[in-house]
Amino acid sequence: MSVGIRAAAQQGAQLVLLQELHNSLYFCQTEDTAQFDWPRPFRSEHEALGALARELGVVIVASLFERRAAGLYHNTAVVLESDGSIAGKYRKMHIPDDPGYYEKFYFTPGDLGFEPITTSVGKLGVLVCWDQWYPEAARLMALAGADLLLYPTAIGWDPRDDSAEQARQREAWITVQRAHAVANGIPVLVCNRTGLETDPSGQSAGSRFWGSSFVAGPQGEMLANAGSDAAECLIVELDLARSEHVRRIWPYLRDRRIDAYGDIVKRYRDDK
């Protein structure tokens with residue numbers, strides 16, 4: 001991990017986004033209470049990253065397994081300012097429960113809301129993986145003034161799916177996040193795991209994470225994208241002033257009918 005951060009900093013990066021739960025293999029492929037034993041104290045995790053951020057003068061968005069109390073854990077993103085201090089954190093709000101992604105067994109849903117984190121490189125709307133499918137989360141971050149949306153991610157193919165289904169899933173994942181950029185007029189940064197990780201229980205064929213990390217501009221345009229087979233370090237120069245220009249020609253925030261959206265807080269409109 002530190003090698004990749006150093007490589008990015010040497011290439012001029014001011015902001016570094018890491019993949020979801022980067023300190024270990026993706027352990028949520030199976031339900032195992034022994035996994036609750038491995039997290040190091042949360043403070044020591046972010047202090048180590050803070051020291052690296054301070055040494056390199058970069059902002060780091062990390063993704064950690066937070067032990068809040070006995071039996072209470074969160075999937076938490078922590079933002080380290082370039083001076084090593086904690087700029088803020090975000091606890092993953094949407095928690096999946098699918099074959100190979102048994103996160104509800106491990107993580108309590110977040111309770112910090114959708115609040116951008118102010119840093120020296122802008123206000124960061126940090127969300128985590130499964131959050132990326134929800135336009136409400138992206139919108140709320142944008143409405144709170146986020147300059148960027150960032151998604152630490154762990155998602156991949158089930159090796160048992162055929163190639164056509166695998167392609168559809170990956171394209172849907174890319175499309176929905178580019179749409180968040182378009183709908184909110186701000187860039188989106190996505191960092192995904194890559195490579196095959198076996199299921200330690202042997203109950204499944206494991207997961208082949210599809211990589212494909214990318215950066216999209218405020219019109220959804222692809223600014224950089226990684227391959228699916230190996231880890232890569234993407235370096236992208238972003239012009240945050242473009243968001244202002246894009247929002248002037250596509251003023252979605254101006255034209256929102258907030259007087260008509262009350263039903264969005266319902267689970268389903270059963271009365272219709």
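- For E115 against L112, the heavy-atom pair with the smallest separation is CG-O, 3.8 Å.
- Remark: the R139 side chain and the N184 side chain contain an N/O donor-acceptor pair separated by less than 3.5 Å.
- Looking at heavy atoms from C-beta onward, K89 lies in side-chain contact with R91 at the 4.5 angstrom threshold.
- In this structure, the side chains of L143 and L253 come closer than 4.5 Å at one or more pairs of heavy atoms.
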Practice prompt. Check the pair T76 / R68 against side-chain contact (heavy atoms from CB on, under 4.5 Å), numbers first and verdict last.
Written response: CA-CA 10 Å; T76 301; R68 189 174 178 183; over 6 Å; no
Worksheet item: Hey, mind stepping through W157 and W210 against side-chain contact (heavy atoms from CB on, under 4.5 Å) and telling me if it holds?
Response: CA-CA 7 Å; W157 294 297; W210 61 48; 3.4 Å; yes
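- Without hydrogens or angle criteria, D199 side chain to G206 main chain gives no donor-acceptor distance under 3.5 Å.
- At a threshold of 4.5 Å between non-hydrogen side-chain atoms, the residues L148 and L15 count as touching.
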Practice prompt. Output, in order, the C-alpha distance, side-chain angles, deciding distance and verdict of side-chain contact (heavy atoms from CB on, under 4.5 Å) for L150 and V188.
Written response: CA-CA 6 Å; L150 301 94; V188 169; over 6 Å; no
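- Applying the ring-ring contact (aromatic ring centres under 6.0 Å, His included) criterion to F214, with sequence neighbours excluded, gives W173.
- No single ILVMFWY cluster, assembled from side-chain heavy atoms under 4.5 Å apart, contains both L149 and V246.
- In the hydrophobic clustering of ILVMFWY residues, with side-chain heavy atoms under 4.5 Å counting as a link, Y102 and I95 come out apart.
- Crowding of D83 atom CG: a count of heavy atoms from other residues, nucleotides or ligands under 6.0 Å exceeding 12.
- In this structure, I235 is not a member of the same hydrophobic cluster as L240, with clusters built from ILVMFWY side-chain heavy atoms closer than 4.5 Å.
- Nearest heavy atom pair, residue T108 against residue H74, reads O-ND1, 3.1 Å.
- A heavy-atom distance below 4.5 Å is not found between the side chains of L196 and F209.
- Listed for the T198 side chain is no donor-acceptor partner under 3.5 Å among the backbone atoms of P200.
- A salt bridge does not link R178 to E221: none of the charged side-chain nitrogens sits closer than 4.0 Å to a carboxylate oxygen.
- Between E165 and R160, no side-chain nitrogen of the basic residue sits less than 4.0 Å from a carboxylate oxygen of the acidic one, so the salt-bridge criterion is not met.
- No side-chain donor from either of Y90 and N75 sits under 3.5 Å from a side-chain acceptor of the other.
- In this structure, D161 does not pair ionically with R168, as no charged nitrogen and carboxylate oxygen lie closer than 4.0 Å.
- In this structure, I258 places its CD1 atom where only 12 or fewer heavy-atom neighbours from other residues, nucleotides or ligands lie under 6.0 Å away.
- Within a 6.0 Å radius of CD in Q14, other residues, nucleotides and ligands contribute 12 heavy atoms or fewer.
- In summary, K92 and E103 engage in a salt bridge, as defined by a charged side-chain N under 4.0 Å from a carboxylate O.
- Remark: side-chain polar atoms of Q132 are not paired, donor with acceptor, to backbone N or O of V128 under 3.5 angstrom.
- When atom types are taken as modelled, the side chain of Q19 and the backbone of C191 share no donor-acceptor pair closer than 3.5 angstrom.
- In this structure, T118 contributes its side chain and K123 its backbone to no donor-acceptor pair below 3.5 Å.
- Side-chain contact between W250 and Q219 is present, with at least one heavy-atom pair separated by less than 4.5 Å.
- A donor-acceptor pair is defined here as one N or O able to donate and one able to accept, closer than 3.5 Å; no such pair exists between the side chain of S243 and the backbone of A241.
- In this structure, F65 and F27 have parallel ring planes: the angle between them is below the 30° cut-off, well short of the 60° mark.
- Remark: side-chain polar atoms of Y261 are paired, donor with acceptor, to backbone N or O of R257 under 3.5 angstrom.
- Within the 4.5 Å cutoff, no side-chain heavy atoms of V58 are placed close to those of S82.
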Discussion item. Between L124 and V61, does the side-chain contact (heavy atoms from CB on, under 4.5 Å) criterion hold? Intermediate values first, please.
Written reply: CA-CA 9 Å; L124 309 184; V61 180; 4.1 Å; yes
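- Closest heavy-atom contact between A62 and L80: CB-CD2, 4.5 Å.
- When hydrophobic clusters are built by joining Ile, Leu, Val, Met, Phe, Trp and Tyr residues whose side-chain heavy atoms come closer than 4.5 Å, directly or via intermediates, I174 is not grouped with L234.
- We find that E20 and R193 are not joined by a salt bridge, their nearest charged nitrogen and carboxylate oxygen being 4.0 Å or further apart.
- Side chain of H180 to backbone of P135: no donor-acceptor contact under 3.5 angstrom is found.
- More than 12 heavy-atom neighbours from other residues, nucleotides or ligands sit within 6.0 angstrom of CD1 on I249.
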Fill in: salt bridge (charged side-chain N to carboxylate O under 4.0 Å, His left out) evaluation trace for R54 with E81
CA-CA 8 Å; R54 181 171 58 254; E81 183 51 91; over 6 Å; no
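- Of the possible donor and acceptor atoms, one in the side chain of E232 sits under 3.5 Å from a partner among the backbone N and O of G227.
- In this structure, the ring of Y134 has its center less than 6.0 angstrom from the ring center of H94.
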Worksheet item: Stepwise, does the side-chain hydrogen bond (donor to acceptor under 3.5 Å, both in side chains) test hold for Q166 with R208?
Response: CA-CA 10 Å; Q166 291 180 348; R208 183 174 294 280; over 6 Å; no
Discussion item. For T30 and D32: C-alpha separation, side-chain torsions, deciding distance, then whether side-chain hydrogen bond (donor to acceptor under 3.5 Å, both in side chains) applies.
Written reply: CA-CA 6 Å; T30 186; D32 180 7; over 6 Å; no
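- Heavy-atom contacts from other residues, nucleotides or ligands closer than 6.0 Å to CD of Q11 number more than 12.
- Under the 4.5 Å side-chain contact rule for hydrophobic residues, V126 and V121 share a cluster.
- In this structure, P152 and C129 have side chains that are not in contact, with every pair of non-hydrogen atoms separated by 4.5 Å or more.
- For the pair N192 (side chain) and I155 (backbone), a donor-acceptor distance under 3.5 Å is present.
- Counting only heavy atoms from C-beta outward, the side chains of Q29 and S201 never approach each other to under 4.5 Å.
- With salt bridges taken as basic N to acidic carboxylate O contacts below 4.0 Å, one links D263 and R269.
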